[in-house]
Amino acid sequence: MSLLLPLPLLLSAMLAVQAVATMEVYVPDLPVVALHGRDVTLNCSFSPTGPFNASDVTVFWQLTDTKRTVYGYSEGQHQLADQAESFVNRTGLFPHELGLGNASLLLRKVVVADEGSFTCFVRVKEYGSSALFLQVAAPYSKPIVTLEPESNLRPGEEVALTCMAYGGYPEADVTWQDGGGRNLTENVTTSVVANEEGLFSLTSVLTVVLEPNSTYTCRLINPLLGEEGNAFVTITGQNISFPPVALWVTVGLAVCLLVLLVALAAVCRRKIKESCEEARREAEEAKELEEEESKTAMTLLKS
Ligand SMILES: *[C@@H]1O[C@H](CO)[C@@H](O)[C@H](O)[C@H]1NC(C)=O
Ligand SMILES: *[C@@H]1O[C@H](CO)[C@@H](O)[C@H](O)[C@H]1NC(C)=O
Ligand SMILES: *[C@@H]1O[C@H](CO)[C@@H](O)[C@H](O)[C@H]1NC(C)=O
Ligand SMILES: *[C@@H]1O[C@H](CO)[C@@H](O)[C@H](O)[C@H]1NC(C)=O
């Protein structure tokens, strides 16, 4: 009786006769996306030709590429003797659904390493199998943009803007824009490093020639989760110091202006003094003249 055989043998038997297998087994055509750390249901259903009991059903889930056992079920019980260690305590069926033709697998606490193809084998009287693809996604932290160096920047200098985000999966697309929405992604170097859980830390460096009062935005797009966030840095006049040449020109101009003003003041004072003295002298002369005239008049009168 084949159901009494150990599961791998049973599977071999199932596979051996696969060429004449007649039962349809359905799984999602599109990849199943699961969030890192969450549970996921890998849907698998079957439609045997006649009525059957749940205890007649054998279900076997396997990694398609490595053929390692994810989960086994037969005679109304788990068959976990040769279950791959990474799936221990993380798998189960929905027993009440089996009788309805539902052999979906519950996989708990999904990790990045789970990503890949899973094959669902089902046997009632006939058997069949189908494979689905599991994709793992994890959201990135909100990106942060930093500027190096932070101050004493000079217009026209090249500066490195760094955008960082952590703990995401899979690799995100990074795009950079300036305040006018211009795509700056051309001059960007993006690198990713995986941690022990397989989650990525992403660093994207944009090199730009500085212009005052400009904004640079780093936008992160997780291909499985869509846009995840953006961060920007605005470079204002405060970040940018006076360049030395302009500074010296300014100081020089100021000094020239001061000297000019002082000289002008001195000239004016002298001019004012001179004109005052002249006025006084004229007044005195006029007085003298008057006196002389009156003297003359008196002399004229006397004579
Ligand atoms: C699975 O669960 C059992 C019982 O809770 C526990 O003793 C065992 O260490 C767990 N195994 C793994 C690999 O987590
Ligand atoms: C199978 O059962 C699971 C768990 O209850 C459910 O999410 C899924 O939709 C069912 N599949 C079908 C085809 O009914
Ligand atoms: C990229 O850098 C080069 C040289 O530094 C520059 O000529 C070019 O304009 C930059 N591209 C963008 C989109 O900023
Ligand atoms: C920006 O430019 C890069 C490379 O030049 C390109 O790969 C990317 O698709 C562009 N992004 C947008 C939003 O246009």
Side-chain angles (χ1 to χ4, degrees), residues 23-35 37-48 52 54 57-61 63 68-73 77-111 113-114 118-122 124 128-132 134 143 145 161 163 170-192 196-197 202 204-209 215-223 226-232:
M23 192 172 66
E24 292 291 347
V25 171
Y26 306 98
V27 294
D29 290 332
L30 294 176
V32 177
V33 176
L35 283 176
R38 302 284 184 81
D39 300 347
V40 67
T41 300
L42 302 182
N43 281 316
C44 176
S45 58
F46 55 97
S47 46
F52 65 98
V57 181
T58 297
V59 178
F60 185 69
W61 280 88
L63 291 181
R68 300 183 73 188
T69 301
V70 175
Y71 179 84
Y73 182 95
Q77 284 183 3
H78 301 304
Q79 306 289 340
L80 302 175
D82 62 345
Q83 186 178 42
E85 201 183 318
S86 58
F87 294 109
V88 171
N89 290 350
R90 296 176 55 216
T91 53
L93 290 189
F94 300 91
H96 302 299
E97 301 267 354
L98 258 191
L100 305 170
N102 187 339
S104 299
L105 179 76
L106 173 66
L107 180 60
R108 293 190 194 89
K109 296 200 171 85
V110 168
V111 293
D114 291 335
F118 289 70
T119 302
C120 171
F121 294 94
V122 184
V124 184
S129 71
S130 269
L132 60 78
L134 174 66
V145 175
L161 303 174
C163 179
E171 204 170 314
D173 298 322
V174 181
T175 59
W176 285 87
Q177 281 185 352
D178 65 9
R182 201 159 54 101
N183 183 0
L184 303 172
T185 312
E186 197 184 307
N187 290 337
V188 168
T189 325
T190 301
S191 56
V192 289
E196 67 279 2
E197 288 180 294
L202 181 146
S204 179
V205 180
L206 169 70
T207 307
V208 284
V209 173
T215 298
Y216 299 96
T217 304
C218 162
R219 176 164 287 126
L220 211 80
I221 299 156
N222 185 318
E227 174 155 350
E228 287 215 66
N230 56 64
F232 61 87

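Each ligand, and each atom within it, is numbered from 1 in the order the structure gives. Nothing fancy with the numbering, it's 1 onward along the sequence.
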The reported gap from SG in Cys120 to CG in Leu132 (rounded to nearest 0.5 angstrom) is 8.0 Å
When Arg38, Arg90, Arg68 are each screened for salt bridge (Lys or Arg N to Asp or Glu O under 4.0 Å) with Asp114, the one that passes is Arg90
Check your understanding: When only distance counts, is Asn102 in polar contact with ligand 2, meaning an N/O pair under 3.5 Å?
Key -> yes
(request) Would you indicate whether the side-chain heavy atoms of Leu161 and Trp176 approach each other to under 4.5 Å? (result) yes
If you scan protein heavy atoms around atom 13 (C) of ligand 1, the nearest is Val88 CG1, 3.8 Å
Got a protein heavy atom sitting under 4.0 Å from atom 9 (O) of ligand 1?
no
Using a distance-only test with no angle check, is there a side-chain donor-acceptor pair under 3.5 angstrom linking Gln83 and Thr91? yes
re atom 3 (C) of ligand 1, the protein heavy-atom contact at minimum distance is Asn89 ND2, 3.4 Å
| Main-chain N/O of Cys44 paired with Ser104 side-chain donor or acceptor, under 3.5 Å | yes
Note: ligand 2 atoms sitting under 4.0 Å from heavy atoms of Asn43 are 8 (C), 11 (N)
Under 3.5 Å, is there a donor-acceptor pair between the Asn102 and Ser45 side chains?
-> no
shortest atom 12 (C) of ligand 4-to-protein heavy-atom contact is with Asn183 ND2, 3.2 Å
To the nearest 0.5 Å, atom CG of Leu98 lies from atom OH of Tyr73 at 5.0 Å
Short N or O distance, Glu97 and ligand 2, threshold 3.5 Å exclusive = yes
For atom 5 (O) of ligand 1, is there a protein heavy atom at a distance under 4.0 Å? no
So the atoms of ligand 2 within less than 4.0 Å of a heavy atom of Ser104 turn out to be 1 (C)
Checking heavy atoms under 4.0 Å, the part of Leu106 that sits near ligand 2 is neither
